[in-house]
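Contents: one structure, followed by commentary.
Both ligands and their constituent atoms are indexed starting at 1 by order of listing. In this chain, residues are counted from 1 in sequence order.
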Amino acid sequence: MNDKRLYSPKYIREVLDKFGFKFSKSLGQNFLIDGNIVRNIVKGSQANKDDYVLEIGPGIGTLTEELALNAKKVVAVEIDRNLLPILDYTLSNYDNVEIVEGDILKINIHDLIDEKLNGGPIKVVANLPYYVTTPIIARLIEEDLNIESITVMVQKEVAQRIVAPPGNKQYGSLTVFVNFYSDPEILLSVPKTVFMPQPKVDSAVIRLNMKEPPVDIDKKLFFKIVKAAFGQRRKTILNSLSNRELGLDKEQVKELLERSNISPKARAENLKIEDFIKICQTIPSLDI
Ligand code: SAM
């Protein structure tokens with residue numbers, strides 16, 4: 001019986017051969033072939049029988065099957081139409097799974113949650129295609145969707161950037177962006193050997209526990225400041241914020257930093273999220 005579970009490499013090959021499926025490198029297709037990892041991702045997501053789950057990129061349904069066994073309903077969005085007949089076949093025993101053909105970067109996720117996932121709150125679980133990891137995460141956390149948590153496999157290096165503390169080389173705009181909307185934690189490290197075909201890099205599973213971002217903040221301005229600060233991360237914050245994009249000259253930035261209680265000699269990587277928030281909230285008081 002276990003031989004027929006979707007993480008069995010023998011069964012996966014059998015299914016792929018039956019349908020004449022060829023992996024697409026450009027779609028980031030690296031399928032999981034390790035039952036322990038599959039179970040640990042689902043455990044780490046904390047999905048239970050009351051939960052509505054959105055999966056991105058089900059592949060041949062390996063993670064989908066484990067989710068179906070543990071959640072109330074799973075909706076999985078897959079871009080590769082060659083996988084649809086395979087998913088039909090491999091998941092035919094599960095009546096709480098719905099496959100949606102589409103590109104997660106293009107479909108209307110609001111409508112999907114409303115129409116197919118009971119309006120949320122939902123949990124997102126995925127072994128993400130690595131070529132679009134950050135755009136997918138950005139879309140999920142930025143669009144004010146009814147999402148409780150996002151548990152995803154990403155490149156190890158991306159996971160490390162997301163949880164890096166201030167002062168660390170990997171601390172950057174991605175860190176600030178993700179931590180603005182969520183509390184992230186790395187759940188497990190994953191070696192390349194548990195994928196078919198094997199990717200070049202190691203991976204990690206990360207869970208983003210969504211939280212309400214500060215309400216009284218101009219998000220557009222906030223991320224403009226963060227981008228300007230890290231765009232020239234070797235410069236002092238005084239110099240990196242004195243630029244045309246932000247419309248501030250050096251004197252104004254000096255004043256801004258003084259009012260925000262931040263040293264003009266600090267660099268972006270030394271500033272906490274609260275510091276960026278402070279800067280953003282102080283700008284209107286400059287009278288410019
Ligand atoms: N979940 C499967 C597993 O763990 O074995 C497959 C994971 S594989 C890393 C990524 C999956 O995402 C592939 O099935 C790929 O076709 C799909 N995919 C790639 N880009 C996508 C997109 N923009 N929208 C939806 N699915 C996508």
Which protein residues have a heavy atom under 4.0 Å from ligand 1?
Leu27, Gly28, Gln29, Asn30, Phe31, Leu32, Glu55, Gly57, Pro58, Gly59, Val77, Glu78, Ile79, Asp80, Leu83, Gly102, Asp103, Ile104, Asn127, Leu128, Pro129, Tyr131
Could Arg161 and Glu157 be called an ion pair, given the rule that one side-chain N must be under 4.0 Å from one carboxylate O?
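Looking at Arg161 and Glu157, the cut-off is met.
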May I ask you to decide whether Lys224 forms a salt bridge with Glu245, counting only side-chain N to carboxylate O separations under 4.0 Å?
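Salt bridge flag = no for Glu245 with Lys224.
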Is the distance between the ring centroids of Phe180 and Phe276 under 6.0 Å?
no
Would you give me the side-chain donor-acceptor pairs under 3.5 Å for residues 16-28, sequence neighbours excluded?
| residue | atom | partner | partner atom | Å |
| --- | --- | --- | --- | --- |
| Ser24 | OG | Ser26 | OG | 3.3 |
| Ser24 | OG | Leu27 | N | 3.1 |

Between Val152 and Ile136, is a side-chain contact (heavy atoms from CB on, under 4.5 Å) present by the stated rule, with each step listed?
CA-CA 11 Å; Val152 280; Ile136 291 177; over 6 Å; no
Under 3.5 Å donor-acceptor, Lys49 side chain and Lys72 backbone
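No, the answer is negative, given that no donor and acceptor are paired below the 3.5 Å cut-off.
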